[in-house]
Amino acid sequence: MDGLLALAASDGGRDVLLRALRTSWTTLVAREGASLRGLLDGLAPELWDGDPWLVGAYAATWRSIDSPSRSAALPYFDAAFAGFTDATPVAARVGIELHYSASLRSLGRLREALDSADRAAALVSPDTTMPLAWRIRFGAKTALQRGIALYHLGDFDSAKTELRTAAGLADGNLLRAERVECYAALAMLEYSLGEFELSAGYVSLAREASGADALLTSQFGAAALVAELLVAVEQNRLADATALAPVVAAAAERSDWEPLGYYARAAISIISERYVEGLDLLRQCLQSWRKWDPPGFIVTVSEGLRATLLLRLGQRDIAWDILGGLEPTQHHANCPGRFIAHLRFVTGDAAGTLAALADCVALGDSHSSRTLVDVQLLLAAAHYRLGNTALADLSFDRGLILAVHNGMRLPFRLVPNEDMRGMLERASHRPQPGAVHDLIANVGDWGTDGHDDGLMQLSLREREIVRALLRGSTVSEMADELFISVNTVKSHLKSVYRKLGVGSRQAAIQRARELGLQL
């Protein structure tokens, strides 16, 4: 960039500067957008505004890490396309289509972004006059744009094919910002599929490709940071997740990763138990993806989490309404069935829990391993509560093995403590790999944190009081049912609230459900 600025400041011919701009802007646009716009603005309009390649350069600068806007690019892309003639080189057409695709994607116009990338591919494939090296280079860039758009649309299989193609061709064919973006998208994809170790590997590659630049903490690397945060949540690493939250917020802002950035930060509330803050972040997530066309799989992701948070706040009816309208994504990478099963389980419907997981069971090993841990633990808990201990043991052991594979801890929060303790105790007496025994000890210690053995502390009379709360009984009705005075009921209620660590009737009901107390 310094060389271009020096040329612009010199008394030399503008032709030299324009040639330099045409050959170098693609390597600078990700990091030097504002400077490139300033340089072009300083030239006489007639020198460049009739050149679709340079107009396209101006359009592409709005996706730079220092750009305050994304939509400002669109009229310049329109002008670039309008300037195409029969003499416009195919390479210039392809390059502008690919930058246009990236700009559309950053605005959530996913189908249009995919169409633009497809047009670029269609221009390259029949052109046998284009040097092979150029065809390979454009093939890598096209695969990158297609892969990210397909990921957002929920076609994870196709996205994986495209992104791995782009990653395989990255050296010598993708620019540094593109390599960061490719590895970051793969990190997010592998997280979605439950392959946390692979996800971490791609985060490392994105970090390495970024070097000392700010690419990783921009929209180019945002997906890697989102994946890193979400893995921390799944592994119950609250401090790590909390530290990443502001970095994710800044990197994802005004990009196609913005809705997932809000979702990831909201997910922290599952392990921090700050549910209302999580709901507010999901409100902002909704405002972000509502502008998308089509919204993509973020709908299932964010609404599923919203239902979970509402359930934990005792808003069962609203949670039901949300979950009833959601469809699972490919391979159930985002699986409403497990949320519905959880809701059924904590309300005491073990048979309904099994019914809610029927499609997950039918999918078998094609089910994403990230959500399959939840499925296996809920299957185990339902069978355990129904007295089918052999089936419960089988599902629980499968869940333990999967959790060991990717270090997941969050799913163990789905099952109330009484049931979880019973299943962990049984599992500890069965032959298990060493890593599973370590997990049992770890989860056993962790699972009691924050619950203070609530139900274990309740007396038999206090448990009767809690069951009456679950039935919706008033204080007077409790007194009549239990043949005690109203004042005695109130005294028991105060003790129940203290032992459960809550301050209200609704919170006590919610905590009792989480801990597995039945009517």
Over all atoms of both residues, closest heavy-atom pair of [X] and [Y]:
{"X": "Ala187", "Y": "Val203", "answer": "CB-CG2, 3.7 Å"}
{"X": "Leu74", "Y": "Arg109", "answer": "CD1-NH1, 3.1 Å"}
{"X": "Pro259", "Y": "Cys285", "answer": "O-SG, 3.3 Å"}
{"X": "Ala403", "Y": "Leu439", "answer": "CB-CD2, 3.8 Å"}
{"X": "Leu309", "Y": "Gly278", "answer": "CD1-C, 3.7 Å"}
{"X": "Ile340", "Y": "Ala356", "answer": "CG2-CB, 3.8 Å"}

Basic-acidic side-chain contact under 4.0 Å: [X], [Y]:
{"X": "Arg398", "Y": "Asp365", "answer": "yes"}
{"X": "Arg207", "Y": "Glu228", "answer": "yes"}
{"X": "Asp157", "Y": "Lys160", "answer": "no"}

Does a sphere of radius 6.0 Å around CD in Gln287 hold more than 12 heavy atoms from other residues, nucleotides or ligands, not counting ones at 6.0 Å or beyond?
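Check passes, neighbour count above 12.
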More than 12 heavy atoms from other groups under 6.0 Å of CZ on Arg283
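It does: Arg283 CZ has more than 12 such atoms within range.
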Inter- and intrachain pairs under side chain to side chain donor-acceptor pair (under 3.5 Å), touching residues 239-248, at least two apart:
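Listed by first then second residue: Arg237-Asp240.
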Which residue pairs satisfy the side chain to side chain donor-acceptor pair (under 3.5 Å) criterion with at least one member in residues 193-206, sequence neighbours excluded?
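Residue pairs with at least one partner in residues 193-206: Glu195-His405.
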Nearest 0.5 Å, what's the [atom1]-[atom2] distance between [X] and [Y]?
{"X": "Leu357", "Y": "Leu363", "atom1": "CG", "atom2": "CG", "value": "12.0 Å"}
{"X": "Asp213", "Y": "Ile65", "atom1": "CG", "atom2": "CD1", "value": "6.5 Å"}
{"X": "Tyr191", "Y": "Leu229", "atom1": "OH", "atom2": "CG", "value": "9.5 Å"}
{"X": "Ile268", "Y": "Glu273", "atom1": "CD1", "atom2": "CD", "value": "14.0 Å"}
{"X": "Arg463", "Y": "Arg467", "atom1": "CZ", "atom2": "CZ", "value": "6.5 Å"}
{"X": "Asp374", "Y": "Leu379", "atom1": "CG", "atom2": "CG", "value": "11.0 Å"}

Test item: side-chain donor near acceptor, [X] and [Y], under 3.5 Å:
{"X": "Ser67", "Y": "Ser64", "answer": "no"}
{"X": "Ser288", "Y": "Glu258", "answer": "yes"}
{"X": "Glu462", "Y": "Ser495", "answer": "yes"}

Sequence neighbours left out, what passes salt bridge (Lys or Arg N to Asp or Glu O under 4.0 Å) with [X]? Give chain and number order.
{"X": "Arg426", "result": "Asp393"}
{"X": "Arg370", "result": "Glu234"}
{"X": "Arg254", "result": "none"}
{"X": "Arg316", "result": "none"}

Taking the side chain as every heavy atom from C-beta outward, state whether [X] and [Y] have any pair of such atoms under 4.5 Å apart.
{"X": "Glu277", "Y": "Ser269", "result": "no"}
{"X": "Leu402", "Y": "Gln376", "result": "yes"}
{"X": "Leu469", "Y": "Leu493", "result": "yes"}
{"X": "Leu230", "Y": "Met188", "result": "yes"}
{"X": "Phe196", "Y": "Gln235", "result": "yes"}
{"X": "Gln219", "Y": "Arg63", "result": "yes"}
{"X": "Asp293", "Y": "Leu110", "result": "no"}
{"X": "Val231", "Y": "Glu190", "result": "no"}

Which pairs with one or both residues in residues 310-341 pass ring-ring contact (aromatic ring centres under 6.0 Å, His included), sequence neighbours excluded?
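Matches after skipping sequence neighbours: His332-His367.
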Sort and list the pairs that fulfil ring-ring contact (aromatic ring centres under 6.0 Å, His included) and have at least one residue in residues 472-502, not counting sequence neighbours.
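Applying ring-ring contact (aromatic ring centres under 6.0 Å, His included) to every pair that reaches into residues 472-502, excluding sequence neighbours, yields nothing.
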Please enumerate all residues that pass ring pair (Phe, Tyr, Trp, His ring centres under 6.0 Å) together with Tyr262, with sequence neighbours excluded.
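With neighbours one apart ignored, the set is empty.
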Looking at residues at least two apart in the chain, or sitting in another chain, which of them share a ring pair (Phe, Tyr, Trp, His ring centres under 6.0 Å) with Phe396?
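Not a single residue meets the ring pair (Phe, Tyr, Trp, His ring centres under 6.0 Å) criterion with Phe396.
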Return the orientation label for the Trp292 and His152 ring planes: parallel under 30°, perpendicular over 60°, tilted otherwise.
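The arrangement is perpendicular - the two ring planes meet at more than 60°.
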What do the steps show when you test Glu181 against Arg105 for salt bridge (charged side-chain N to carboxylate O under 4.0 Å, His left out), and what is the final call?
CA-CA 13 Å; Glu181 192 166 35; Arg105 173 167 54 79; 3.3 Å; yes
Pair Ser485, Thr488 - check side-chain hydrogen bond (donor to acceptor under 3.5 Å, both in side chains), show working.
CA-CA 5 Å; Ser485 70; Thr488 301; 2.8 Å; yes
Restricting to side-chain hydrogen bond (donor to acceptor under 3.5 Å, both in side chains), what partner residues turn up for Ser71, sequence neighbours left out?
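If we apply the side-chain hydrogen bond (donor to acceptor under 3.5 Å, both in side chains) test to Ser71, skipping adjacent residues, there are no hits.
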Are Asn334 and Thr371 close enough, and set up right, to give a side chain to side chain contact (heavy atoms under 4.5 Å, CB included), and what steps lead you there?
CA-CA 7 Å; Asn334 294 286; Thr371 49; 5.7 Å; no
Can you give each donor-acceptor pair under 3.5 Å made by side-chain atoms of residues 297-305, sequence neighbours left out, with the distance rounded to 0.1 Å?
unit_1: Thr300; atom_1: OG1; unit_2: Glu327; atom_2: O; d: 2.9
unit_1: Ser302; atom_1: OG; unit_2: Trp289; atom_2: NE1; d: 3.1
unit_1: Ser302; atom_1: OG; unit_2: Ile298; atom_2: O; d: 2.8
unit_1: Glu303; atom_1: OE1; unit_2: Arg306; atom_2: NE; d: 3.0
unit_1: Glu303; atom_1: OE2; unit_2: Arg306; atom_2: NH2; d: 2.9

Under 3.5 Å donor-acceptor, [X] side chain and [Y] backbone:
{"X": "Asn388", "Y": "Leu391", "answer": "no"}
{"X": "Ser255", "Y": "Ala252", "answer": "yes"}
{"X": "Arg338", "Y": "Val373", "answer": "no"}
{"X": "Thr217", "Y": "Ala214", "answer": "yes"}

Between Arg471 and Glu481, does the salt bridge (charged side-chain N to carboxylate O under 4.0 Å, His left out) criterion hold? Intermediate values first, please.
CA-CA 12 Å; Arg471 292 193 297 271; Glu481 292 167 4; 3.1 Å; yes
Working note: Arg461 + Glu464, criterion salt bridge (charged side-chain N to carboxylate O under 4.0 Å, His left out); need CA distance, chi angles, decisive distance, verdict.
CA-CA 5 Å; Arg461 178 64 80 183; Glu464 290 176 336; 3.0 Å; yes
